[in-house]
Amino acid sequence: MMEKLVTRFRAVFGREPDIIARAPGRIEFIGNHTDYNGGPVLGAAIDRSVWVGLSVRTDGVRRFASEVKPGVVALEASGPLERLSGQKSWVNYPLGVLAAMRDTGVLAPAGFDYMAASDVPLGAGLSSSAAIELSSALAFLEATGASMDRESLVKLGRKAENEFVGVPCGILDQGVSGYGRKDHLVFIDCRGPRFDTVPLPAGSNFWIFNTHTKHALIDGLYAARHQECMEAAKVIGVTLLVDATPEMLAAAEQKLSRTAFKRARHVIDEIGRVSGAVSALRAGDLGSVGKLLLASHRSSRTWFENSCPELDFLVDSLEAEAGVYGARLTGGGFGGAAMALTSEAFGEESGQRISDAYLAKFGSRPEVIHARTGDGAALVKGSR
Ligand code: GLA
């Protein structure tokens, strides 16, 4: 990937990138919609990243290019930081980071040539957006010589996503991209937030099945779920659902709208499942972990209503396949991808069988990815 980035950088800008940074995509392992409710979540950084190359310019012009989008977007550094639309909208990620740096008083570079390249599949629920935010942030910081601790870096990426890109996401995506570690899961207690890693038992394998489906109203649906959770917390009498117990939910059932009750039921149970998964992982009990993944998916389907027929079909088919411990939708839902935790007994042929069955039912193939875990965001080439 790095070679591809450098070749493209040379072709477009006629020079070398002085700085190179990368940040990985992520799998949401378990903890569905728990993050913005202050709960815990487990994720894994994958061995695919968004790469950013950057060289400073002295004329105050910021030129953005991407290996996957046509053209170069040139903006005056002295001009206002405004959201772009259409073909150029991908630039909102690095622009969002620059806006977040400005708003938090961190020095940002004025002029530069910027190139992004990625082997994180786009729109697959693997958080290429958090990956481009963190890799951009590392490159910008290196360009001005500013330093930032990991937690502030993660928060900067989330601020860009929340305030500039306009998605009210929690800390999961940026947290896992920032704190990822090969052969480990990242545990985030989202209220702190507090970050930790949990070793993956040997022989754990991840398979991703990207449906390429995306609900047309996905952003609105995510925001609506967020809203419904906050409404439930208010009626139950807590600030965030992490402070509500199953008993408190039962006691408040009559006062809650049916929708708010269902959303809270999912989140409160899911918080329990994350704790259960951490214990089972530490005990090396992948069978129990798998059962929790399946229970998580069922809860998404029934209570949170963020699954869809394609994801349900994948999870049901995977559950019946040899070598699968468990499977569930991964990420926000309403389309996107399902993931399976498997043993070595699940291989390319098993993936092919799932893909064939999916093709027969839905008329197209899912993208099948055997994902390996990888390390978190890092500066690869510095200018100093
Ligand atoms: C998306 C968001 C995350 C998280 C998940 C659901 O991936 O970006 O912050 O809320 O959905 O768990």
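Whatever order the structure lists them in is the order used to number ligands and atoms, beginning at 1. Just so we're clear, the structure is a prediction, and the values are computed from it rather than from any experiment. Atom set for the values below is all heavy atoms of this structure, side chains included, hydrogens, waters and symmetry mates excluded.
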- Task: Anything under 30° is parallel, anything over 60° is perpendicular, the rest tilted; go ahead and classify F304 against H33.
- Result: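 Aromatic pair F304/H33 classed tilted.
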- Using the six-membered ring wherever Trp is involved, compare the ring planes of F140 and F112 and label them parallel, tilted or perpendicular (cut-offs 30° and 60°).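 Plane angle between 30° and 60°, so tilted.
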- Nearest protein heavy-atom contact for atom 2 (C) of ligand 1: which residue, which atom, what distance?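 Among all protein heavy atoms, the one nearest atom 2 (C) of ligand 1 is Y222 OH, 3.4 Å.
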- Taking atom 4 (C) of ligand 1 as the reference point, the nearest protein heavy atom with its distance: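 Protein heavy atom at minimum distance: D35 OD2, 3.3 Å.
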- Message: When you compare the side chain of L241 with that of I236, does any pair of heavy atoms fall below 4.5 Å?
- Response: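 The answer is yes; the side chains approach within 4.5 Å.
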- Item | ligand 1 contact by R225, heavy-atom criterion under 4.0 angstrom |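 Heavy atoms of R225 never come under 4.0 Å of ligand 1.
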- Query: Applying a strict 4.0 Å limit to heavy atoms, is A130 in contact with ligand 1?
  - Reply: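 No.
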- D173 and S127: CA distance, side-chain angles, deciding distance, side-chain hydrogen bond (donor to acceptor under 3.5 Å, both in side chains) verdict: CA-CA 6 Å; D173 308 341; S127 245; 3.1 Å; yes
- Could you tell me whether some N/O pair between Y36 and ligand 1 is separated by less than 3.5 angstrom?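 Checking ligand 1 against Y36, no N or O pair falls under 3.5 Å apart.
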Distance filter under 4.0 Å to [X] heavy atoms, resulting ligand 1 atoms:
X    : result
D173 : 2 (C), 3 (C), 7 (O), 8 (O)
C169 : 2 (C), 8 (O), 9 (O)
G31  : 12 (O)
N32  : 12 (O)
G170 : 9 (O)

- Message: With a 6.0 Å cut-off (strictly less than), is the heavy-atom count around NZ of K381, excluding the residue itself, greater than 12?
- Response: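 Yes.
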Less than 3.5 Å apart, which donor and acceptor atoms pair up between the side chains of residues 68-77 and the rest of the protein, not counting sequence neighbours?
none

- So, F313 versus F362, ring centres under 6.0 angstrom or not?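 Yes, the ring of F313 comes within the 6.0 Å limit of the ring of F362, centre to centre.
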- Message: Please report whether the ring centroid of F209 lies less than 6.0 Å from that of Y358.
- Response: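 Not under 6.0 Å, so no.
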- Can you tell which part of R26 has a heavy atom less than 4.0 Å from ligand 1: side chain, backbone, both or neither?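 For R26, only side-chain atoms sit under 4.0 Å from ligand 1.
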- Which segment of E28 sits under 4.0 Å of ligand 1 when only heavy atoms are counted: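 E28 to ligand 1: side-chain contact only, backbone stays beyond 4.0 Å.
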